[in-house]
Amino acid sequence: MSASIIDGRASAARLRKRVAERVSELAKFNVVPGLAVVLVGEDPASQIYVSNKTKQAAEAGIRHFDHRLPASTTTADLRSLIRQLNSQPDVHGILVQLPLPKHVDAQSVLAEIDPIKDADGFHAINVGRLVLGEEATVPCTPLGCLILLRETQPQLAGLRALVIGRSNIVGKPMAHLLLQSDCTVTIAHSRTRDLPALCGQADIVVAAIGRPRAVSGDWLKPGALVIDVGINRIDAGEGKTKVVGDVDFESAVQRAAAITPVPGGVGPMTIACLLMNTVNAAVRSLREPSVPRLMPTT
Ligand code: GUN
């Protein structure tokens with residue numbers, strides 16, 4: 001058996017199209033969704049992520065406000081910038097690219113963002129709403145994973161889901177989204193015992209560990225759905241590098257029913273969901289019943 005490959009690029013393109021349509025509807029009310037993007041320091045990977053985000057925002061008709069700051073920026077400077085963005089009416093969404101330099105208190109910076117403008121869903125209010133099952137802005141990567149899962153398997157209720165990784169950005173919100181979809185959820189992490197045995201029981205595996213090919217295909221339950229969040233650059237020999245996921249794709253594709261590739265799986269969904277969150281923040285600010293929020297599955 002060979003798994004079907006979940007096409008994240010195609011799914012993200014469909015979502016971006018819906019975002020662009022909603023942007024056009026907002027234009028009738030003279031609202032242009034605006035996203036403020038804050039990048040501190042020179043981390044090369046963060047620079048690439050941020051330029052992809054702003055490029056795709058512009059393509060969808062979302063205005064972006066770029067704030068590129070030196071690595072020496074203090075927590076107080078950042079909090080002051082966030083307060084300014086909170087009060088700027090043409091900014092509907094605010095994103096602070098993580099990780100921040102070590103000397104910055106990231107939690108206090110994120111706490112300064114007005115929860116209504118929290119495009120990443122990292123503010124404690126949005127985290128709390130997600131846990132309570134209330135309407136919340138949901139972090140982009142796990143939201144993208146959920147959309148891909150639902151498109152692949154509309155009936156998630158009762159399935160056993162294993163989330164590998166417990167980060168605030170992916171693992172924890174992913175577990176809560178799966179719980180809300182009525183899955184039976186296990187969270188595994190670096191101290192988990194016998195990960196292969198847990199994998200062998202899971203109908204859904206979401207791997208967000210940050211270690212190349214850490215999940216072996218022969219651990220999987222035959223017919224599992226596999227969502228690979230990893231983006232790991234490895235040495236490919238002859239001075240070249242390549243990007244691989246947290247799952248060993250070659251062996252997993254023999255056992256899974258469906259699997260996301262890396263690249264071309266979860267990655268494109270993250271940015272599309274960021275655009276959706278930004279447009280939804282603009283829709284909320286308009287308070288016009290004829291322009292509803294975009295929902296993940298409609
Ligand atoms: N760093 C890694 N992933 C993310 C993300 O989804 N949002 C932000 N702001 N920073 C990140």
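Both ligands and their constituent atoms are indexed starting at 1 by order of listing.
Looking at Leu98 next to ligand 1, an N or O pair under 3.5 Å apart turns up.
Looking only at atom types and distance, the side chain of Asp120 has no donor-acceptor partner in the side chain of Asn277 under 3.5 Å away.
Counting protein heavy atoms only, atom 3 (N) of ligand 1 is closest to Ile169 CG2, 4.1 Å. At the top of the distance list for atom 11 (C) of ligand 1, counting protein heavy atoms only, stands Gln97 NE2, 3.4 Å.
Ligand-side atoms of ligand 1 in range of Lys53: 7 (N), 8 (C), range being under 4.0 angstrom from any heavy atom.
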May I have the step-by-step check of salt bridge (Lys or Arg N to Asp or Glu O under 4.0 Å) for Lys28 and Glu288, ending in yes or no?
-> CA-CA 11 Å; Lys28 295 177 198 150; Glu288 167 57 54; over 6 Å; no
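Here the closest non-hydrogen pair linking Leu275 and Ala57 is CD2-CA, 3.6 Å.
Counting heavy atoms closer than 4.0 Å to ligand 1, residue Phe122 contributes side-chain atoms (C-beta onward) but none from N, CA, C or O. The backbone of Val96, and not its side chain, has at least one atom closer than 4.0 Å to an atom of ligand 1 (non-hydrogen atoms only; backbone = N, CA, C, O). Contact annotation for Asp120 and ligand 1: only side-chain heavy atoms (C-beta onward) come within less than 4.0 Å of the ligand.
Between Glu25 and Arg22 a salt bridge is recorded (basic side-chain N to carboxylate O distance below 4.0 Å). Checked for salt-bridge contact, Arg255 and Asp218 miss the test: no charged N lies under 4.0 Å from a carboxylate O.
Partners of Ser167 under the side chain to side chain contact (heavy atoms under 4.5 Å, CB included) rule, at least two apart in sequence or in another chain, are Ile169, Val170.
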